[in-house]
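Read the structure below first, then the notes.
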Amino acid sequence: MKVETLIIGSGVVATALAQRLLLKNPHASILILEAGTKVKMQDSAIWQDYIVSAKLPYTKYYDESYPERDHKGENVSLGKTTVPLRNARVFTYGGSTIHWGGWAFRLKPEDFNLFSNTGQGMDWPFGYDELEPYYNQAEWYIGVSGDSNDTTVPRSENYPFPAFPYTLEDQPIAKALNSLCIGYSHVPIARHGITNTTSTHAPCQTTGTCDYCPFGARYSANNFLSDMTTWNDYPNFQIKLNCVVDKIIMSSKHRASGAMFFDKENRKWTTVDADKVIIAAGTIESSKLLQRSTSEFWCDGLGNDYDLVGRHFITHPYFVFSGNMSTNPLDLQSEMNFPTLCTRHFDSKEEQAKGKFILVNPPSSPSVDLLSKMQSGNSREDIDNYVKGNNEIQLHGMVEIVGDFKDRVTNFNRINHMGMIETAIDFSQADGFDQRMQEIQEHVKRIFETMSATLSGKPNISWRADHAACTCRMSDDEKSGVVDSNLQIHGVDNVYICSTAVFPSSGAINPTLTLTALALRLGDYLNGTSAYHNCEYSK
């Protein structure tokens, strides 16, 4: 088998990049290899079953999905801080966009200059202005609803869809933030809002069941890939599922000839020759693939002469603060299954050295569960008293951490239930992390007190690897990073990495929009064009 371009992974990078290459040359020979299988999306019957049973059709494709395995489950955490993988990523056609929340923030300009500003971590090899036009295109590509008048981050174009309005639940937190002179804004989210004249996708109908959308209103790469495979204009574009790539094959120190993969359906090993190889398998799997790609030219793995592949691992510590409000006079209760209000007030250059963070008002705050009360046979009077009485409230958030050489991911010599090599994560939180969380707690306590609420105590903190990044960092120097500014492995002519692994830093926000922008930028680089020649990705 021989192709011009091999893409490993089928998430948002593969979709955006393949479309960009095919728009220039509809006859381009492109093969996408995906380790997982296809889950049917936009299906009313599956959605109705989910409403009744609360069972999602893709959970069996998570890590550690099968309880009959030993109690330790799949994968291992070797460091002082446990980094769970279960529920963090989905091995399916479309990648983890099948289950993501759709939060679509841009990095801020100072995020590209972490080292220059703080002496920590490293700078990106280019600044915000380089990526800004691709942010515009990425927002159109994944269909982001946001407030175009929000000045939190500089922008040169409007969002494709207007922001979802603040809910009644947002009123208490908005009032408190106003009182404390803390700015807030709409959460930009990859759900199609009010349909505009260029959209062909169904608008969000706020069913409250966003873990499985029956309309396809939330961006999911598998929906777009399914559309692409039905387009007869692309005769040389193909996707092969259930194919686990084991290694990149090198014909010399500076050039790859293709890849070797295991076809799970046919139970056989296969080699594919390729002129270009793009690794888009996520931070963890991309790093593990490079480490496995040993050869006479790369003894320690492809791109790993300086022991940087898999190093500087980070993820976002996701924290949840809880509190109590003695009364709920407005009968506030959950309206939607996604947040509409956030504050990036502390996601600032002034906070960067200590660790920037964002705060989000979750849709379940205050926590009012009418369904369970009705199912339990409570009277209307009992339910009214329950709604108006004492309720738990929450503030969620993420804080930036800086990558450290000691923190890494490697292959763990066991095969998981999907036929893939398991993962070992060796990570320990920084010495100053607890102090930073104490400072964040004081800010949250002040906000709760302004809401006449009482903070319940320390936050619940999850180090789950949803936002894993930085293990194959971009750099101008091969001694400090794995890929160059064009995402090409240093010293290799035809292998590229496009995943959050290449981020030099990750700020305090979700990485998917930035990753999409990088994919579109890489597509332009491979096409020999620029952002300003691709009007089909903007209004």
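Once rounded to the nearest 0.5 Å, the distance linking CD1 of Ile425 with CH2 of Trp463 reads 12.0 Å. The distance from the CG atom of Leu180 to the CD atom of Glu449 is 10.0 Å, given to the nearest 0.5 Å. Put simply, CD1 on Ile314 and OG on Ser505 are 7.0 Å apart, with the number rounded to the nearest 0.5 Å. Rounding to the nearest 0.5 Å places CE of Met41 at 5.5 Å from CZ of Arg218. Once rounded to the nearest 0.5 Å, the distance linking SG of Cys472 with NE2 of His312 reads 11.5 Å. Considering CG of Leu522 and CG of Leu518, their distance stands at 8.5 Å, rounded to 0.5 Å.
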- Query: Could you go step by step and tell me if Tyr93 and Thr37 meet the side chain to side chain contact (heavy atoms under 4.5 Å, CB included) rule?
  - Reply: CA-CA 5 Å; Tyr93 179 68; Thr37 190; over 6 Å; no

- Start with the C-alpha gap between Val153 and Tyr128, add the side-chain angles, then the distance that decides, and say whether side chain to side chain contact (heavy atoms under 4.5 Å, CB included) holds. CA-CA 10 Å; Val153 184; Tyr128 177 84; 3.2 Å; yes

- After noting the C-alpha distance and the side-chain angles of Asp466 and Arg89, does the key distance pass the salt bridge (Lys or Arg N to Asp or Glu O under 4.0 Å) rule? CA-CA 7 Å; Asp466 298 51; Arg89 54 200 187 139; over 6 Å; no

- Message: Would Met325 and Glu392 count as a side chain to side chain contact (heavy atoms under 4.5 Å, CB included) here? Give the steps.
- Response: CA-CA 6 Å; Met325 294 185 71; Glu392 181 184 71; over 6 Å; no

- In sequence, state the C-alpha distance, the side-chain angles, and the governing distance for Phe126 and Arg521, and then conclude on side chain to side chain contact (heavy atoms under 4.5 Å, CB included). CA-CA 12 Å; Phe126 50 78; Arg521 180 176 176 270; 3.6 Å; yes

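Between Tyr318 and Trp103, the angle of the ring planes lies from 30° to 60°, which puts this pair in the tilted group. Using the six-membered ring where Trp is involved, His99 and Tyr58 have ring planes that are perpendicular, over 60° apart on the 30 and 60° scheme. Ring geometry for Tyr219 against Tyr141 counts as tilted: the plane angle lies between 30° and 60°, on a 0 to 90° scale.
In this structure, a donor-acceptor pair under 3.5 Å is absent between the side chains of Gln441 and Arg436. No side-chain donor from either of Asn361 and Tyr184 sits under 3.5 Å from a side-chain acceptor of the other. There is no side-chain donor-acceptor pair under 3.5 Å between Asn510 and Thr512. If you check the side chains of Gln352 and Asn117, you find a donor sitting under 3.5 Å from an acceptor. A side-chain donor-acceptor contact under 3.5 Å links Thr152 and Asp150. The closest side-chain donor-acceptor pair between Ser156 and Asn136 falls under 3.5 angstrom. Side-chain polar atoms of Thr340 and Asp170 form a donor-acceptor pair below 3.5 angstrom.
The pair Asp63-Arg86 fails the salt-bridge criterion, with no side-chain N (NZ, NE, NH1 or NH2) lying under 4.0 Å from an Asp/Glu carboxylate O.
In this structure, Thr471 contributes its side chain and Ser287 its backbone to no donor-acceptor pair below 3.5 Å. Counting only distance, with no hydrogens or angles, the side chain of Thr81 and the backbone of Gln429 share a donor-acceptor pair below 3.5 Å. In this structure, Thr97 contributes its side chain and Ala221 its backbone to a donor-acceptor pair below 3.5 Å. Side chain of Glu34 to backbone of Gly9: no donor-acceptor contact under 3.5 angstrom is found. Using modelled atom types, one side-chain atom of Ser10 and one backbone atom of Gly94 make a donor-acceptor pair closer than 3.5 Å. A donor-acceptor pair under 3.5 Å is formed between the side chain of Thr500 and the backbone N or O of Ala468. The main-chain N or O of Thr529 is never found under 3.5 Å from a side-chain atom of Asn527 such that the two would form a donor-acceptor pair. A donor-acceptor pair is defined here as one N or O able to donate and one able to accept, closer than 3.5 Å; no such pair exists between the side chain of Arg191 and the backbone of Phe164. Panel note: side chain Thr283, backbone Ala501; a donor-acceptor pair is recorded below 3.5 Å. A donor-acceptor distance shorter than 3.5 angstrom exists from the side chain of Thr315 to the backbone of Arg464, with no hydrogens or angles considered.
With sequence neighbours excluded, no residue forms a side chain to side chain donor-acceptor pair (under 3.5 Å) with Asp49. The salt bridge (Lys or Arg N to Asp or Glu O under 4.0 Å) test applied to Arg473 returns no partner, not counting sequence neighbours.
Proximity of Phe448 to Gln394: side-chain heavy atoms (C-beta onward) are nowhere separated by under 4.5 Å. You'll find the side chain of Val187 stays beyond 4.5 Å of the side chain of Leu341, heavy atoms only. With a 4.5 Å cut-off on side-chain heavy atoms, Ile358 and Phe105 count as touching. Contact check for Pro57 versus Tyr212: side-chain heavy atoms found under the 4.5 Å cut-off. The closest side-chain heavy-atom distance from Met474 to Met122 is not below 4.5 Å. Side-chain contact check for Tyr234 versus Leu23: some heavy-atom pair is nearer than 4.5 Å. Here the side chains of Trp124 and Ser485 are not in contact, with every heavy-atom distance at 4.5 Å or above. The closest side-chain heavy-atom distance from Tyr166 to His186 is below 4.5 Å.
A ring-centre distance under 6.0 Å is found for Phe346 and Phe357. A centroid separation of 6.0 Å or more is found between the aromatic rings of Tyr135 and Trp140. Between Tyr159 and Phe161, the ring center distance fails the sub-6.0 Å criterion.
Across Val13, Thr15, Leu17, Ile239, a single residue satisfies side chain to side chain contact (heavy atoms under 4.5 Å, CB included) together with Ile7, and that is Leu17.
Here the shortest heavy-atom pairing between Gly523 and Leu21 reads O-CD2, 4.1 Å. For the pair Pro162 and Ser145, the tightest heavy-atom approach, listed with the atom from each and the gap, is O-CB, 3.2 Å. Residues Pro339 and Pro363 share a closest heavy-atom pair of N-CD, 4.0 Å. Pairing each heavy atom of Ala138 with each of Leu513, the nearest pair is CB-CD1, 3.7 Å. Residues Leu520 and Ala16 approach most closely at CD2-CB, 3.9 Å, considering heavy atoms. Taking all atoms of both residues into account, the shortest heavy-atom contact from Ile497 to Ser286 is CG2-CB, 4.4 Å.
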Donor-acceptor pairs are to be reported for all side-chain atoms of residues 450-460 against protein atoms at under 3.5 Å, with residues two or more places apart or in another chain.
unit_1	atom_1	unit_2	atom_2	d
Thr450	OG1	Arg446	O	2.8
Ser456	OG	Ser322	O	3.3

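By the 6.0 Å contact criterion, NZ on Lys445 is open, its count of non-hydrogen atoms from other residues, nucleotides or ligands being 12 or less.
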